[in-house]
2 protein chains.
Amino acid sequence: MTKNIPVPSLKRLPNYYHIVCQALESGEKFISSATIARILDIDDTQVRKDIAATGYVGKPKVGFDTKEFKEHLEDFLGFNKTKEAFLVGAGNLGIALAKYDGFRKYGLEILAVFDNDPHKIGIKIGKKEVFPISKLHDLVKRMKVQVAILTVPSEFAQDVTYFLIESGIKAIWNFAPVNLKVPEDVLVRNQDLAANFVVFSTLLSEKRRSPDTLI
Amino acid sequence: MTKNIPVPSLKRLPNYYHIVCQALESGEKFISSATIARILDIDDTQVRKDIAATGYVGKPKVGFDTKEFKEHLEDFLGFNKTKEAFLVGAGNLGIALAKYDGFRKYGLEILAVFDNDPHKIGIKIGKKEVFPISKLHDLVKRMKVQVAILTVPSEFAQDVTYFLIESGIKAIWNFAPVNLKVPEDVLVRNQDLAANFVVFSTLLSEKRRSPDTLI
DNA sequence: TAGATTGTTAATCGATTAACAATC
DNA sequence: TAGATTGTTAATCGATTAACAATC
């Protein structure tokens, strides 16, 4: 088995992807690690190490082929593989995410939205119908969905999580600012936007640049 | 000058905050570093180190006073200091963020929303009015706002950024999945939700747990 | 007191950076 | 060829973990 890419490297890859996309749009055939490094204000050796960790090889003297490298990153990061998910909680944020177009480019597809509010059930968010949460169990089984995006209010997050797990969900992208209790085999990724802002704002008040540009 | 807290420690603090809030709600007077560590699946020494870095001291034999520690974290992370910001781009995500209630608890206040779409100008999002972007320059000066939350479509992000900087904005929380070019003295924090999902999903496919629970 | 927990010093680990040979 | 850039090994740096004394 090939060695797993280090998490810090993995987190920088989407940045490289953005840069290589922009370079490609400007008609640049090749891009050097030094150029990428300058844009992100990091070390160029690190860029090369990260790229090497994805298995892509550049051309000495010229750099990395933008088109090839872009496609390699899409492959490595799985943009072409559809990742199906259910979204639970049709509040403001939930609706925004359900409508958000940018996910498709990365291969994330929200199949359906769930909520408990009778007023919301049956309405369409973009092309997605809102179902009652009671239907989630069946639909998880039927559609074999493993991932849930959790956008319910904090106070319901843990109870809904128990229900998601009972229904067979194996991974939760959690937007509620709470620590969810889950069994060993369930993966949670927290996405506390407010907390992210707090980190940003603390660095700001200390006049420090965050070393990790993204995520 | 006291030493800056390491960024990894800083990123864990909101987690500690959530946990200590939950402990306080359950009526627990004290919480130990081992308990926090177990919940987050990290080392207890690290928890103590992180807490020490904020300047808070616990009580040997009993642990950390939940009420005191919670308040200390609020202080350290600046929850009580209002951080005013303008939001630029009244699309789905922008509207969701403008309406989002959870920011206030952390001290973030969105003063106004800006957009270029004539249909949107003048409408209210919650209690915030939508202004034309042309008014941003004046309002930045008048209200002395330094922070902008950028939620415009990717293709406009760079141009809007130039305009924000001309207007005097010093920090940008960027939700557009692009690398913004900014001068040295302007701080950008990228919040590419889709990229975050990609990282999550890659770890998922490798059946790895992410070491950083939050952010 | 004994036991539990903090705070801190030392050891380890892994990521970043520096140096440089290989390549075209 | 000379020069630029990659790929890789070695050195450094900083974060994590282990060990343990101090404390109540």
Side-chain angles (χ1 to χ4, degrees), chain A residues 2-13 15-16 19-20 23 28-66 68-69 72-73 199 203 208-215, chain B residues 2-13 15-16 19-20 23 28-66 68-69 72-73 199 203 208-215:
Chain A
T2 56
K3 209 170 162 298
N4 277 338
I5 188 169
V7 172
S9 298
L10 179 59
K11 288 187 176 185
R12 283 187 290 269
L13 295 183
N15 277 316
Y16 301 169
I19 290 169
V20 80
E28 291 161 43
K29 289 264 184 291
F30 289 90
I31 191 163
S32 75
S33 56
T35 303
I36 296 174
R38 201 170 343 100
I39 293 171
L40 294 175
D41 200 21
I42 58 178
D43 196 275
D44 62 324
T45 307
Q46 190 164 69
V47 175
R48 291 198 294 280
K49 274 256 173 81
D50 291 343
I51 294 174
T54 71
Y56 189 67
V57 287
K59 288 191 187 24
K61 190 184 152 85
V62 282
F64 300 88
D65 182 307
T66 44
E68 246 182 53
F69 182 39
H72 176 82
L73 280 176
V199 169
L203 293 170
R208 283 202 272 171
R209 298 187 156 267
S210 174
D212 54 343
T213 321
L214 183 68
I215 302 178
Chain B
T2 56
K3 210 170 163 294
N4 277 338
I5 188 170
V7 172
S9 298
L10 179 60
K11 288 187 176 187
R12 283 187 290 268
L13 294 183
N15 276 318
Y16 300 169
I19 290 170
V20 81
E28 292 161 44
K29 288 263 184 294
F30 290 90
I31 190 164
S32 75
S33 56
T35 303
I36 296 174
R38 200 170 344 98
I39 293 172
L40 294 175
D41 198 21
I42 58 177
D43 197 275
D44 62 323
T45 307
Q46 191 164 69
V47 175
R48 291 198 294 279
K49 273 252 173 84
D50 291 343
I51 295 174
T54 71
Y56 188 66
V57 287
K59 289 194 184 21
K61 191 184 151 82
V62 283
F64 300 90
D65 183 306
T66 44
E68 244 182 56
F69 182 39
H72 176 83
L73 279 176
V199 169
L203 293 170
R208 283 202 270 169
R209 296 187 157 268
S210 173
D212 52 344
T213 320
L214 183 68
I215 300 180

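Just so it is clear: chains get the letters A, B, ... in the order the sequence lines come, proteins before strands, and each one is counted from 1.
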Fill in the blank from the handout: To the nearest 0.5 Å, atom CG of A:L13 lies from atom CD1 of A:I51 at 8.5 Å
Practice task
Heavy atoms only: give me the nearest A:I5-A:D50 pair and the separation to one decimal.
Solution key: CD1-O, 4.4 Å
Exercise for the section: Test side-chain contact (heavy atoms from CB on, under 4.5 Å) on B:R12 and B:V47 and set out the steps. Expected result: CA-CA 9 Å; B:R12 283 187 290 268; B:V47 175; over 6 Å; no
Exercise for the section: Heavy atoms under 4.0 Å is the rule here; annotate nucleotides 5-15 of chain C 5' to 3' with B where the base is hit, S where only the sugar-phosphate is, and - elsewhere. Expected result: BBBBBB----S
Practice task
Rounded to the nearest angstrom, tell me the gap between atom CD1 in A:I5 and atom P in C:dT16.
Solution key: 11 Å
Exercise for the section: List the steps and the verdict of side-chain contact (heavy atoms from CB on, under 4.5 Å) for A:F64 and A:S32. Expected result: CA-CA 6 Å; A:F64 300 88; A:S32 75; 5.9 Å; no
Handout entry: Pairing string, 5' to 3', for DNA chain C - Watson-Crick or wobble contacts under 3.5 Å, brackets [ ] where pairs cross, | to another strand
Key = ..||||||||||||||||||||||
Exercise for the section: Please step through side-chain contact (heavy atoms from CB on, under 4.5 Å) for the pair A:T54 and A:Y16, ending with a clear verdict. Expected result: CA-CA 12 Å; A:T54 71; A:Y16 301 169; over 6 Å; no
Completion exercise
In this structure, CD1 of B:I36 is separated from CD of B:Q46 (nearest 0.5 Å) by 12.0 Å
Handout entry: From CA spacing to verdict: side-chain contact (heavy atoms from CB on, under 4.5 Å), A:V7, B:L203
Key = CA-CA 9 Å; A:V7 172; B:L203 293 170; 4.1 Å; yes
Fill in the blank from the handout: d(B:K29 NZ, B:D65 CG) to nearest 0.5 Å is 8.5 Å
